[in-house]
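Right, one structure below, let's go through it.
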Amino acid sequence: MSTQKFQIPEWAFEFHGHKCPAMPIGYRAGLTAMKRLGVEKASNKELYLFCENGPAHAAACFLDGVMASTGCTYGKGIAEKLNYGKNAIVLVDLKTNKAVRVSMQPAFFEKALNSEFVKLRKQKVEPKDIKPELVMPLIENVEQMDENVMFSISDVFEKNVELSKGTFEWHNCSKCNEIVFDNRSKIIDGKRVCIPCSEK
Ligand SMILES: [Zn+2]
Ligand SMILES: [Zn+2]
């Protein structure tokens with residue numbers, strides 16, 4: 001057995017833009033969900049992510065971590081925000097239609113929200129301006145903590161997800177000449193127009 005301690009990869013912090021504890025919590029939530037489903041990080045569209053968070057501090061950061069560990073990104077069209085204002089995710093294996101919900105344990109979340117880090121954030125100190133001596137122990141704590149202390153993990157359940165269909169079909173917009181994919185263009189007076197041009 002390896003004695004190497006788990007660490008959030010540096011690239012995930014680079015992607016996120018700063019060091020904070022919420023992104024690593026999301027990263028581990030994604031890992032926990034994948035482990036329960038017995039799946040690997042999505043390289044294409046193998047998984048689908050419903051993130052229950054919405055506009056709140058410490059929520060956007062959480063979602064970046066989940067996207068980093070699961071590979072469920074907005075770019076690939078396999079991530080969706082439900083805006084429930086909760087740090088919880090539902091991860092779906094699109095091959096088997098099996099899903100799991102992972103949510104932050106209230107006791108753990110409450111502790112995090114009462115941390116010195118969050119107190120400073122409330123005083124409008126940006127994460128990048130908070131001393132590493134304060135942030136790094138919080139991150140290490142998240143890296144080493146038992147997933148069952150951090151999260152409530154549901155049983156595996158069935159969930160069907162309809163992915164919206166992509167297309168390779170395209171035309172030049174008859175007004176602005178830019179290339180627009182057919183499933184997002186309109187036909188006005190027999191001519192293809194992009195959505196912004198159709199609204200002018
Ligand atoms: Zn952050
Ligand atoms: Zn146009």
Side-chain angles (χ1 to χ4, degrees), residues 6-33 49 51-75 79 81 83-89 102-104 108-145 150-151 167-200:
F6 171 75
Q7 281 188 315
I8 306 291
E10 201 51 40
W11 71 262
F13 289 105
E14 280 169 26
F15 164 70
H16 182 52
H18 62 237
K19 296 214 163 159
C20 71
M23 186 284 279
I25 294 169
Y27 193 96
R28 287 211 56 199
L31 290 183
T32 300
L49 169 69
C51 190
E52 296 188 11
N53 71 10
H57 293 292
C61 293
F62 173 88
L63 176 52
D64 273 358
V66 181
M67 289 201 292
S69 63
T70 61
C72 291
T73 61
Y74 274 97
K81 241 185 188 179
N83 283 317
Y84 295 165
K86 294 168 121 184
N87 274 6
I89 58 167
V102 172
S103 58
M104 277 178 79
F108 169 64
F109 204 174
E110 199 179 316
K111 232 173 143 186
L113 288 171
N114 285 321
S115 68
E116 204 55 43
F117 182 86
V118 175
K119 276 179 201 148
L120 289 168
R121 292 285 295 114
K122 277 186 193 157
Q123 293 161 22
K124 299 199 172 7
V125 182
E126 293 299 335
K128 68 171 175 50
D129 298 326
I130 296 175
K131 284 197 200 93
E133 300 94 273
L134 200 120
V135 183
M136 291 319 288
L138 297 174
I139 292 172
E140 280 158 29
N141 187 39
V142 169
E143 287 170 332
Q144 306 315 323
M145 194 177 284
M150 266 198 287
F151 306 120
T167 181
F168 286 109
E169 302 300 316
W170 55 272
H171 282 85
N172 295 76
C173 170
S174 61
K175 286 191 179 171
C176 70
N177 196 43
E178 288 180 0
I179 288 174
V180 55
F181 287 99
D182 284 2
N183 55 1
R184 302 300 294 153
S185 66
K186 294 181 177 179
I187 298 173
I188 296 175
D189 298 330
K191 286 178 179 167
R192 286 272 177 188
V193 276
C194 71
I195 291 171
C197 285
S198 79
E199 289 169 351
K200 271 175 201 160

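Every number for a ligand or one of its atoms is a count from 1 in the order of the listing.
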In Asn87, Leu113, Ile89, the residue satisfying side chain to side chain contact (heavy atoms under 4.5 Å, CB included) with Met104 is Asn87
Is there a side chain to side chain contact (heavy atoms under 4.5 Å, CB included) between Lys81 and Tyr74? Walk through the geometry before answering. CA-CA 10 Å; Lys81 241 185 188 179; Tyr74 274 97; 3.4 Å; yes
Smallest heavy-atom separation, Leu138 atom then Pro21 atom, equals CD1-CG, 4.0 Å
Restricting His16 to its N/O/S atoms, the closest one to the Zn ion (ligand 1) is NE2
For the Zn ion (ligand 2), angle spanned by Cys173 SG and Cys176 SG (nearest 10°) is 110°
Just wondering, are more than 12 heavy atoms of other shown residues or ligands nearer than 6.0 Å to CD in Glu110? no
Note: SG(Cys20)-the Zn ion (ligand 1)-NE2(His18) angle, rounded to 10 degrees, equals 110°
